[in-house]
Amino acid sequence: MRTDIKEILSREGDSGITEVEGWIRTKRESKGLAFLELNDGSTIKNLQIVVNESLKNFHEIIHHLNNGCSIKAKGNLVPSMGSGQSVELQALEIEIYGDAPVDEYPLQKKRHTFEFLREISHLRPRTNTFGAIMRIRNTMSFAIHKFFQERGFLYVHTPIITGNDCEGAGEMFQVTTLSDKPQISDEGIINHENDFFGKKAFLTVSGQLEGEVFACALKNIYTFGPTFRAENSNTSRHLAEFWMIEPEMAFCDIRLNMDTAEEFLKYTMKYLIDNSLDDLEFFNSRIDKNTLGRISSIFESDFARITYTEAMNILKKSKKEFEYPPHWGIDLQSEHEKFLAEEEFKKPVIVTDYPREIKAFYMKINDDGKTVRAMDIIFPRLGEIVGGSERESDYKKLFDRISESGLNPELYWWYLELRKYGTVPHSGFGLGFERLIQFVTGMQNIRDVIPFPRCAGYLEF
RNA sequence: UCCUCUGUAGCUCAGUCGGUAGAGCAGUUGGCUGUUAACCAAUUGGUCGCAGGUUCGAGUCCUGCCGGGGGAGCCA
């Protein structure tokens, strides 16, 4: 019978012969006696295994029982004589699945930098930090589905490959099967008629437009999938491949959209505290002393809500020296977001009603004609974590907005038809999953909260 | 893409004024029967990112290239 270390560590008192499998994290050795710390990924905590000469093959295997070695151990599970753990396994038999030559295995029983661990991304899940990150990603993923499922949202699988060469966000990766022998015209233009799809194809930068299709039929939907941006961004907050959550709600205005986003963030963070406390405590003690407090602060107070115009007035009144002096019409810069969330309000801030010129074509124009019903949620230390809006639901206004944005309305024929036939007010938002994980773990670099990071100039593993 | 810092042992780093390479950890060997980042003693280990240049002499100064960090822009 297979037994997880997580379950074993929850036991009390003698529980007899127990069998366990895992990887050795560290060994402490003295003459004729050794203590192994065994981890199997089920929890951040290790099981202490006591090995001594009562083990038949003690002298044969003791030199192999090093950091990284995978074993099966059988023995008596008893209350620990030592002080660092409640129970321990007194080994009677140990079988080695595979040893990890100690002069070659890159993971040492010491602290490594995250930059070094990134170079061994195939082994870093075996560290405390990355094991905890992966379990937290799992818990947060589940919490996200749970939140939406409990509220009747349908999980919709929007396409990864798209023919829209402009989805309104960022540079796109092209998808082609012509790369080996492209047919190039005299003018140097690649002919895509013979390409796989008979036209240019790209990786999606957002499932929103397709999401709106299904919201305008099934009311409340959400997507949760991979997203691709070919921007040459070189920061600790950007990836070329990341996971995004995009709910879309019919019969929903900007206010209900804000309420949903705020409730969503509070729900998932509360769920994480309730279900991944062991892992969060690790981050709280080793990565950032305020991890638990930072997460709790999200669901313990209401988010501030201000308009873009109010935000600009606050920034101007602050008399603070900004690199980009605030004035109506410019986008909020990083330094402005930091000031609002970290100094002025000291909690998440929802900013609404941005100038139409700096926001996407699909956002609903307010009655003032100057602003759109956009809403961004700004988090302390992270900046923008959610971007959303009420969508323009009037055919004519949307058509004009597409045109004035320099886009070709013909390419958006099906998107426009949602407004032609049975249009409804609808809203939605997008949220970067890895940024959420950054926030709850305190990890500084987004490349360290995803299994295998993909970013400009970097594609290993 | 821009600004800035940085690259020295397996890992984390020090290296003064330009004078010929150092520590901790890990490894190895020895000691220790209850350790908790185990401890004690000894010890191995170097293409100083790469390519040029200045110099009697370059880890150190100069130029170019490559990698990494931080910040900015773009954005989620």
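Quick note on labels: first sequence line is chain A, next is B, and so on, each numbered from 1. Since this is a predicted model, take the numbers as computed values, not measurements.
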It should be established whether [X] places a side-chain nitrogen or oxygen under 4.0 Å from OP1 or OP2 of nucleotide [N].
X	N	value
A/Lys31	B/rC32	yes
A/Ser30	B/rU33	no
A/Asn445	B/rG68	no
A/Arg237	B/rA72	yes
A/Arg28	B/rU35	no
A/Lys109	B/rA38	yes
A/Thr26	B/rA38	yes
A/Lys359	B/rC75	no

d([atom1], [X]; [atom2], [N]) in whole Å:
X	N	atom1	atom2	value
A/His336	B/rA72	NE2	C1'	13 Å
A/Leu117	B/rG10	CG	C1'	14 Å
A/Tyr458	B/rG68	OH	P	8 Å
A/Ile446	B/rG70	CD1	P	12 Å
A/Glu53	B/rC32	CD	C1'	13 Å
A/Ile330	B/rG73	CD1	C1'	13 Å
A/Phe228	B/rC74	CZ	P	24 Å

Would you call [X]-[Y] a salt bridge at under 4.0 Å N-O?
X	Y	result
A/Arg137	A/Asp279	no
A/Lys346	A/Glu343	no
A/Lys266	A/Glu262	yes
A/Lys45	A/Asp40	no
A/Asp353	A/Lys359	no
A/Arg28	A/Glu37	yes

For atom [atom1], what is the distance between [N] and [M], given to the nearest Å?
N	M	atom1	value
B/rU12	B/rG7	C1'	14 Å
B/rC13	B/rC74	P	32 Å
B/rC17	B/rG57	C1'	15 Å
B/rU33	B/rA38	C1'	14 Å
B/rA21	B/rC5	C1'	24 Å
B/rU43	B/rA58	P	31 Å
B/rU60	B/rG24	P	25 Å
B/rG18	B/rC75	C1'	47 Å

Touch class at under 4.0 angstrom, heavy-atom based, for [X] against every strand present:
X	value
A/Gln90	base
A/Thr235	base
A/Asn52	nothing
A/Ser80	base
A/His112	sugar-phosphate
A/Gln444	nothing
A/Asn234	base
A/Met244	sugar-phosphate
A/Gly82	base
A/Glu241	nothing
A/Lys110	base
A/Gln48	base
A/Ser236	sugar-phosphate
A/Glu29	base

Can you find an N or O donor on one side and an acceptor on the other, under 3.5 Å apart, linking the side chain of A/Ser233 with the base of B/rC74?
->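 Donor-acceptor pair under 3.5 Å: yes.
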Could you tell me whether the side chain of A/Glu119 has a donor or acceptor atom within less than 3.5 Å of a complementary atom in the base of B/rG67?
->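 Between B/rG67 and A/Glu119, which were checked side chain against base, a qualifying N/O pair under 3.5 Å is absent.
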Could you list by number each residue of residues 128-136 of chain A showing a heavy-atom separation from RNA chain B of less than 4.0 Å, or answer none if no residue does?
->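 Residues of residues 128-136 of chain A that come under 4.0 Å of RNA chain B do not exist, since none gets that close.
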What nucleotide among [options] has an atom nearest to a side-chain atom of [X]?
X	options	value
A/Arg118	B/rU1, B/rG68, B/rA38	B/rG68
A/Glu115	B/rA38, B/rG69, B/rU33	B/rG69
A/Val102	B/rG27, B/rA72, B/rU36	B/rG27
A/Gln108	B/rG69, B/rG34, B/rC25	B/rC25
A/Phe116	B/rU36, B/rC75, B/rC11	B/rC11
A/Val50	B/rG68, B/rG34, B/rA72	B/rG34

Heavy-atom check, side chain of [X] versus side chain of [Y], under 4.5 Å:
X	Y	value
A/Ile350	A/Ile306	no
A/Met140	A/Phe433	yes
A/His112	A/Thr127	no

Between A/Arg286 and A/Phe283, is NZ or CZ placed under 6.0 angstrom from the six-membered ring centre and within 45° of the ring axis?
->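 The answer is no, since A/Arg286 fails at least one limit relative to A/Phe283.
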Decide whether a cation-pi geometry holds between A/Arg294 and A/Phe439; the criteria are a distance under 6.0 Å from NZ or CZ to the six-membered ring centre and an angle within 45° of the ring axis.
->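 Yes - A/Arg294 lies over the ring of A/Phe439, closer than 6.0 Å to its centre and within 45° of its axis.
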side-chain contact (heavy atoms from CB on, under 4.5 Å) partners of A/Gln174, counting only residues at least two apart |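 Once residues adjacent in sequence are excluded, the partners of A/Gln174 under the side-chain contact (heavy atoms from CB on, under 4.5 Å) criterion are A/His192, A/Lys200, A/Phe202.
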Hunt down the Watson-Crick or G-U wobble partner of B/rA72, both distances under 3.5 Å, from any strand shown, or write none.
->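 WC or wobble partner is B/rU1.
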